[in-house]
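Remarks on the structure that follows.
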Amino acid sequence: MVNSSQAARQILEGLNENQREAVETIDGPLLILAGPGSGKTRVITQRIAYLVRVVGVSPYRIGAVTFTNKAAREMRARLTPSLGPAAEHVTAKTFHTFCAQVLRQEGESIGVKRDFVIYDDSDQMSLMKRVMKELELDPKRFAPRAILSAISSAKSQLLGFEGLSYKSGSYFEEIVVRAYEHYEGLLQKSSALDFDDLLLKTYQLFDRVPESAKKYQERYVHFMVDEFQDTNVAQYAIAKQVAYAYSNICVVGDPDQSIYTWRNADIRNILSFQDDYPQAKVIALEENYRSTQTILDAAKSLIAANTQRVDKDLWTQNGEGVPIVVSEGYNEGEEAQFVVKEIQSLTRGRNPSYKLGDVAVMYRVNAQSRALEESCLRYGMPYQVVGGLKFYQRQEVKDVTAYLRLIANSDDDVSLERVINTPTRGIGQRTVDELTRLARNADMSMFSAISSLAQGAPQESVTDNNMRNPFPARSLRALTDFHDLIRSLQAEREKSDLLEIIDSILERTGYQSYLMDQSDRGEERLENIQEFKASARDFLMFGRDEALTAFLESVSLVADVDSMEDRADAITLITLHQAKGLEFPVVFMVGMEEGLLPHVRSLDDPAQLEEERRLCYVGVTRARERLYLCRSFRRGFRGGSEPSVPSRFLLDIPAKLITAPVQNQPKSKTIKSAAWTPGARRARNFSGNSENASSNGDRSERPARPDAATTAMPHFSTGDKVKHKTFGEGIVVECKPSHEDFEVTVAFKDGAGVKRLMQGFAKLEKVE
DNA sequence: CGAGAATAGTTTTTT
DNA sequence: ACTATTCTCG
């Protein structure tokens, strides 16, 4: 702090008026509404720098929670240049990581064991299945997923099962409450917390144990929350608790980018904030530094159609830029091909305008990455997929993780069940069921139950009254062997490091040979385990004791975006959700179709539709210079393939921002293709009618006189597969009355493009 | 008990 | 298409 006014000048330099005000507002609650590309991250980091270098706040007393680890890491990285090593003392974590650490530290006072494991989705699912079994609930009648999500929603609102009122009084709700209670019991027995517990328990800790709360309240003189629009009630409550002493709480968000309400994010937090802190200052960042005028205009028209929003005035000094490109393909293969070819032309040549790292392809669902990957492989385009088939979710990785978890915490029943017979060691379903029952009766974890059995202990403590040892000698033997195996692996923790432990697991449980015996994919799986091991290497620096816990925690809490590398030599394939917070010079959004974006599951709910629109908005605003919106006429779906209709969101982008549609591939010159906008608009409006007009009977039955051009019957309807003698096979995307005939718009396969044909003249044949 | 075959269901998004 | 679960047989 040589000269604080000099530092101030340096920090504030290059900030616009509002940004500057945000940085300089250091006392009391502050709400920053930050539009996309408005320099939000910059403001957050400069604000922290300002606090430290100008105001003289100790970095140790500044906390910032973000949504992803990547964002946290980036924040730290951007602090380092101005703070140097002191940046390390600033807390920059995700909510979940922050809470996990609080609980490891302080949790015991509310009954959270220090070595708790964190259950992810699939662990939760296993546990819920068991809950339902034990409560004799029919999983066909009540989807375990639905129950879990009801529980998750309750926890996100800080409701325990006791506090869950029978609001609707529906039977389902009653089931949820019962399942919730039992589920909690099993978590407790396993010394496990699920994701929501990390938040809920932290809240409860701060609520019930003032001494613990105080530690954090006194430490964090300044507390910041990024992506505030995506926080849930629990997260906001925790933030309030932490900021209790000083009320220096700064939240940053953009309601228009709220895309996680399905995960219980509550956009009302922004309103609550202003209620809770009436003295809060509100600063809006509306100047966009990222995108061209064209892209920003598209984004604005798109989002303006939402009714549940406060209008905001985004603007930019950037130039108009190039028009948005809309492309249409026959199927997802062609769509992907277009994307790859286009990227090639942008990135190849003597002085290419872009490098591969500048390009991202975004989609609504992970499954869409497949066609893109195939296309990339075919044309030799380097790519990286973010997320997708998640690494830590792979079977072999989960198996090894389960062994590690058992070493750390043998009460973890879910992990135990996972590997007790993997590789097979003669412990079948029957034995496991019996063991579960015993453990349940004795109110202990499964491992403890085996323990008691193994010690040949007074079996009465384990078995129920009139039943003696229920296991045949062979099963009992297998159980005790397993028990000894885990015990001895645990003992190894004393003398070996993490990598050695993993090797031991592979070796001594026979897992390695088990994988190799499954000859087909064994090799690949073993490689995955090697990769897993490599990721464990980062934790060797921790003490022998902590390494395992820390590693397991990171396995649970690190998302895939987090490991995304900034590679200059590969394009990025990413979901729209994961793309939040990122930006790319060139963005392709694929699958711009009804049913995908907006997704089918949101079609019947206006609120969800608005969220889909926000998601689309997030995608559009990731683009700096070039935006491509792609769709195809057919979309593969669970094996089959179905015709699809352009997304309503396409229709909300003013035509003047868009170039003529790009067709795949337009060698044919004869017939002008349909301009996408009016055509698409009509196609959408018409499809319903044409359906009614033509398909109210057996679709395969052909009209008697196909040449009668003037008959008032359309012969085709949207989605029909047709054949033309020059253009080949195609699919009808539109069929509308025109001059006493019908104009049939057909998207032909194999790059023949989209043609408008008159039914009476074109010899179109329907094919099956 | 284990392994392979038959069958049913299905998640959109992720900390 | 893909997986997860159930069935069947050795």
Side-chain angles (χ1 to χ4, degrees), chain A residues 65-72 93-100 118-122 124-126 129 133 139-140 143-146 148-149 152 155-156 193-199 226-227 230-232 234-235 258-265 362-371 386-390 392-395 421-433 471-472 474-475 478 514 517-518 553-562 574-580 591 595-603 608 611-612 614-616 618-619 636-641:
Chain A
V65 280
T66 62
F67 198 67
T68 61
N69 293 289
K70 185 178 197 295
K93 296 183 158 76
T94 65
F95 258 111
H96 292 269
T97 309
F98 175 76
C99 290
I118 300 168
Y119 277 180
D120 69 13
D121 268 12
S122 62
Q124 288 182 55
M125 194 64 172
S126 314
K129 284 182 179 157
K133 212 183 210 169
K140 287 189 182 105
R145 262 241 130 61
L148 276 174
S149 88
S152 166
K155 287 185 175 179
S156 305
L193 301 184
D194 65 20
F195 280 125
D196 300 304
D197 282 336
L198 294 174
L199 306 171
D226 192 13
E227 306 284 10
D230 287 322
T231 53
N232 62 31
Q235 287 166 323
S258 156
I259 55 174
Y260 282 101
T261 58
W262 55 273
R263 226 177 60 191
N264 306 311
M362 303 180 181
Y363 35 82
R364 177 67 234 264
V365 306
N366 280 121
Q368 287 173 264
S369 72
R370 201 165 154 166
V386 179
L389 324 146
K390 282 171 259 169
Y392 291 121
Q393 305 280 44
R394 289 180 202 174
Q395 211 179 64
N421 204 30
T422 316
T424 54
R425 45 173 77 88
I427 304 176
Q429 196 52 55
R430 236 200 119 83
T431 309
V432 172
D433 284 347
F471 298 108
R474 199 160 48 121
S475 304
Y514 161 80
D517 288 346
Q518 305 185 317
E553 189 158 305
S554 116
V555 168
S556 306
L557 294 179
V558 168
D560 295 281
V561 228
D562 299 337
I574 192 170
T575 64
L576 288 164
H577 280 90
Q578 292 185 112
K580 189 182 70 162
L596 255 185
L597 184 66
H599 195 267
V600 245
R601 309 272 293 212
S602 62
L603 255 26
Q608 286 188 49
E611 179 145 322
E612 295 290 306
R614 292 194 294 267
L615 190 56
C616 186
V618 165
F637 177 71
R638 294 217 241 281
S641 151

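Chain letters run A, B, ... following the sequence lines, proteins first and then strands; every chain starts at 1. Any value given below was found using the heavy atoms of this structure, including those in side chains, with hydrogens, waters and symmetry copies removed.
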Taken in chain and number order and not counting sequence neighbours, the residues that satisfy salt bridge (charged side-chain N to carboxylate O under 4.0 Å, His left out) with A:Lys129 are none
Checklist entry - What is the nucleic acid contact for A:Arg430, judged by heavy atoms within less than 4.0 Å: base, sugar-phosphate only, or nothing? => result sugar-phosphate
Between CD of A:Gln608 and C1' of B:dT13 the distance, given in whole Å, is 11 Å
When rounded to the nearest 0.5 Å, the distance separating CE of A:Met362 from NE2 of A:His577 is 13.0 Å
Donor-acceptor contact present, side-chain A:Tyr363 to main-chain A:Ile574, <3.5 Å:
yes
By side-chain hydrogen bond (donor to acceptor under 3.5 Å, both in side chains), A:Ser258 pairs with (sequence neighbours left out) none
Atom CG of A:Asp196 and atom P of B:dT14 are separated, to the nearest Å, by 16 Å
**Message:** According to a cutoff of under 5.5 Å between the ring centres and under 30° between the ring planes, does A:His599 stack with the base of B:dT12?
**Reply:** yes
Residues passing the side chain to side chain contact (heavy atoms under 4.5 Å, CB included) test with A:Thr431, sequence neighbours excluded, are A:Ile427, A:Phe471, A:Ser475, A:Leu479
Chain A vs DNA chain C, heavy-atom contacts under 4.0 Å, first-to-last nucleotide span, 5' to 3', is C:dA1 to C:dT5
**Prompt:** Checking all strands, does A:Phe95 fall into the base, sugar-phosphate, or nothing category for heavy-atom contacts under 4.0 angstrom?
**Reply:** nothing
So what does A:Thr431 touch, heavy atoms closer than 4.0 Å: a base, only the sugar-phosphate, or nothing?
sugar-phosphate
Rounded to whole Å, CD1 of A:Ile574 lies from P of B:dT13 at a distance of 13 Å
Taking for A:Ser556 and for A:Arg474 the nucleotide of DNA chain B with the nearest heavy atom, the one nearer the 5' end belongs to A:Arg474
In whole angstroms, the gap separating C1' of B:dT14 from CG of A:Asn69 amounts to 12 Å
By side chain to side chain contact (heavy atoms under 4.5 Å, CB included), A:Asp197 pairs with (sequence neighbours left out) A:Lys155, A:Glu184, A:Leu187, A:Leu193, A:Asp194, A:Leu200, A:Lys201
ask   = Closer than 4.0 Å, any side-chain N/O of A:Gln578 to the OP1 or OP2 of B:dT14?
value = yes
Hits for side chain to side chain contact (heavy atoms under 4.5 Å, CB included) against A:Ala143, two or more places apart or cross-chain, chain-then-number order -> A:Ala146
Table of protein N/O atoms under 3.5 Å from nucleotides 2-10 of chain B N/O atoms:
residue, atom, partner, partner atom, Å
B:dG2, OP1, A:Gly426, N, 2.7
B:dG2, OP2, A:Asn421, ND2, 3.1

note: A:Trp262, atom CH2; B:dT11, atom C1'; distance rounded to Å ~ 10 Å
Parallel, tilted or perpendicular: which fits the ring planes of A:His96 and A:Phe195, with parallel below 30° and perpendicular above 60°?
-> perpendicular
A:Gln368 CD to B:dT11 P, in whole Å, measures 18 Å
*Give one of base, sugar-phosphate or nothing for A:Lys93, where a contact means two heavy atoms less than 4.0 Å apart.*
nothing
Residues passing the salt bridge (charged side-chain N to carboxylate O under 4.0 Å, His left out) test with A:Asp196, sequence neighbours excluded, are none
A:His577 atom NE2 is separated from B:dT15 atom P, nearest whole Å, by 11 Å
If the P atom of C:dT6 is compared with that of B:dT11, how far apart are they to the nearest Å? 16 Å
Distance between C1' atoms of B:dT13 and C:dA4 (Å, rounded): 22 Å
Is A:Asn366 close enough to B:dT14 that one of its side-chain N or O atoms is under 4.0 Å from OP1 or OP2 there? yes
When rounded to whole Å, the CZ to C1' distance for the pair A:Phe98 and B:dT15 reads 16 Å
Could you pull out all donor-acceptor pairs under 3.5 Å where a side-chain atom in residues 595-602 of chain A meets a protein atom, sequence neighbours excluded?
residue, atom, partner, partner atom, Å
A:His599, ND1, A:Arg601, N, 3.1
A:Ser602, OG, A:His599, O, 2.7

Using a heavy-atom cut-off of under 4.0 Å over every strand shown, decide if A:Arg614 touches base, sugar-phosphate, or nothing.
nothing
